[in-house]
Amino acid sequence: MSERLADQPLQSLRGVGPKLAQKLADYGVHGVEDLLFHLPLRYQDRTRVTPIAALQAGVDAVVEAEVRAADIVFGRRRSLVARVQDGSGTLTLRFFHFSAAQKNNLRTGTRLRCYGNVRRGSSGLEMYHPEYRQLEEGETVNEERLTPIYPTTTGISQGQWRNLCSQALALLARAAPQDLLPPQHSHGYSLVQALHYLHNPPPDVPLGQLQEGRHPAQLRLALEELVAHNLALLRLRQQQLSVEAPALPAREREYRQLLGALPFTPTGAQQRVISEISHDLARQQPMLRLLQGDVGSGKTLVAACAALQAISNGFQVAVMAPTEILAEQHRQNFGSWLAALGIEPVLLTGKTRAAARRDILAALACGETGLLVGTHALFQADVEFHRLGLVIVDEQHRFGVHQRLSLTEKARGRSGRPHQLVMTATPIPRTLSMVAYADLDCSVIDELPPGRQPVTTALIDSARRNQVIERVASACADGRQAYWVCTLVEESDVLQAQAAESTAAELAEALPDLRIGLIHGRLKAAEKEAVMRDFKAGEISLLVATTVIEVGVDVPNASLMVIENPERLGLAQLHQLRGRVGRGQAASHCVLLYQTPLSQHGKERLAAMRESNDGFYIAEKDLALRGPGEVLGTRQTGDMSFRIADLSVHEDLLDEARRVGAELSRDTQRESALVRRWTGDRQRFASV
Ligand code: ADP
Ligand code: MG
């Protein structure tokens, strides 16, 4: 039965020609069954007509009224303006895009049923581009259902989606897709019932519950989707494990040598994780491990130990970082720790010059280079390894699963699949990691190196900016160093750089005795390096920066951080930034210099920062306040675009999803059907 609907081509539906079918396919909708699972984002209540006199600005409303006049108006923008009346008042409809036919159809006396957002305009209440249709003589409309609003793409209208989905629903009666969830997990709705309900909810539904995604019909489908996602990741894991990896046994002598060269002893947590990884590497199955540890917990050393084990066994290691600054810093750290063992890391970034790059690639291809550190540049097609044994990805939340795969695929067929170590400083709430990283084993460094002082965080209104500047002056006068972080909402490098530049100029004027450095994404790699070197060496006291310093930067003498407009950033990002201080022995401070007025939401978020230095606590808060998209970063969620499930709303389903997944994974056919249904070809991992 299910095959029929799944295979039924879209062009068998009314209104679908080759062009629309192509658009739908580009959007990921290939067959009738895909349409059924293309669920509304939200619903509009168009069941009630509002008299014009009762309309309020800002509200969506249905109006039935008669056209009094329709004219083309040549204002700043040419528009078609229709005045309509319903006996209670007059409303203006305004169209900036319109056809001649449209104008001709709006003859005086024509009755319309319009739906749109009401706004206050130059002529009283107006609607811009309302959806409308002409009513026949004496026709009354009785809309009994809420109107679904579908996610869409350019060139496919809501009307088209509604039409297509209702045709697909009609077909359900003849060929229902298979119910793949065990009945005891149905939340009271069969698949078919849930689909009918959500595409076409009756008017008496608790609209609030539906909008929040908590209606049982939604819970049922969200659960099914989470199960599918979980199974897809587990399948990815199986596939990865089915390829052999080189066995890289522990190298006791080299490890001792490394420890002997360190200025400190690894913490208990570091030692535990190092041995977990060492054990994984020794096996002939690829390691797939996620290493979580709060900022400053010492993940880099763990990575260096793993790298050492691989290199001592004659294999190559790639270390990938999200920014150039961080890549450079890793090169330095790995270099200083591993120098005693004759290992010299090589840096490859997008800014590496062509000639140098050629040499680096040659040394890599012949196996001369053992340790390559870099940014995304490591993914380029011409980067070839001789014998890649281990891939380390730092600050994973910045990279997606796809990128992770593309690097490991490089080594396929030559020396087996490399082992993978993924490190993240953004602690991922447990529930979330079970879904987002179901394909990985997890190690946690749950201990900070000894002697660390918690960072004291203060919230200060930007009206008191001058006091904060004085505070910077006195910290620096005591021989400490400080960061001043400028934030902007825009992603634009240029604007961010400008903001940082003008702040640096302003601070230089206020603090003429201080050596102030400036770092932002627009600087050349060499310039960034020089600034960071000077800051590390203490030649610069105050470093004005954009959020480029968010990850990984390590200057223990810096004990004060000022973050301007912290309300613009997510909690995880703030926690990352704040982690740049509190790395040395001195008591450290973080000043969140916020702009008033703060929203309630903004207050709660900043308060969470003041309350806690615990990355896990903050991540849980962030998840509750902002949702998983923000917590995991956009790239990550790009891989996890759910159709109906929303991790911040359906977190309580995750446990159930995992249990159902475990149950279903014993039934290969069912499992495949489920993964195909929900992940289709949108996610590469479903088909790797
Ligand atoms: P993160 O986990 O945030 O990547 P890092 O690896 O950058 O943390 O480590 C933070 C700082 O702590 C570095 O200066 C590092 O050399 C130092 N460090 C790491 N492990 C220890 C330890 N066991 N004892 C003392 N300092 C350590
Ligand atoms: Mg780090």
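When a ligand or atom number is given, it counts from 1 through the structure's own listing order. Numbers here are sequence positions counted from 1.
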Ligand 1 to Arg583, heavy atom cutoff 4.0 Å, flagged ligand atoms 3 (O), 7 (O), 10 (C), 11 (C)
Nearest heavy-atom contact between Leu518 and Leu543 is N-CD1, 4.1 Å
Pair Glu539 + Arg533: basic N to acidic O under 4.0 Å
no
### Task
Please confirm whether Pro450 comes within less than 3.5 Å of ligand 1 when only nitrogen or oxygen atoms on both sides are compared.
no
- Task: Please step through side-chain hydrogen bond (donor to acceptor under 3.5 Å, both in side chains) for the pair Tyr594 and Glu564, ending with a clear verdict.
- Result: CA-CA 6 Å; Tyr594 65 87; Glu564 277 198 85; over 6 Å; no
Between Thr546 and Gly521 the two heavy atoms that sit nearest each other are OG1-N, 4.1 Å
For Thr267, the atoms of ligand 1 under 4.0 Å from one of its heavy atoms are 23 (N)
Item checked: Cationic N near anionic O, under 4.0 Å, Glu567 to Arg605 -> no
Residues 267-299 vs ring-ring contact (aromatic ring centres under 6.0 Å, His included), sequence neighbours excluded, gives none
Note: ligand 1 atoms sitting under 4.0 Å from heavy atoms of Thr300 are 4 (O), 5 (P), 6 (O), 7 (O)
Taking N or O atoms only and a 3.5 Å limit, does Pro556 qualify as a polar contact for ligand 1? no
So for Met423 against ligand 1, with non-hydrogen atoms under 4.0 Å, the contacting part is neither
- request: Would you confirm whether Gln270, through its side chain, and Gly298, through its main-chain N or O, come within 3.5 Å as a donor-acceptor pair?
  value: yes
The atoms of ligand 1 lying under 4.0 Å from a heavy atom of Thr265, numbered in the order shown, are 22 (C), 23 (N), 24 (N)
A student checking ligand 1 against Pro266 at a 4.0 Å heavy-atom cut-off should list atoms 23 (N)
Ligand 1 atoms nearer than 4.0 angstrom to some heavy atom of Asp294 are 2 (O)
Ligand 1 to Trp337, heavy atom cutoff 4.0 Å, flagged ligand atoms 16 (O)
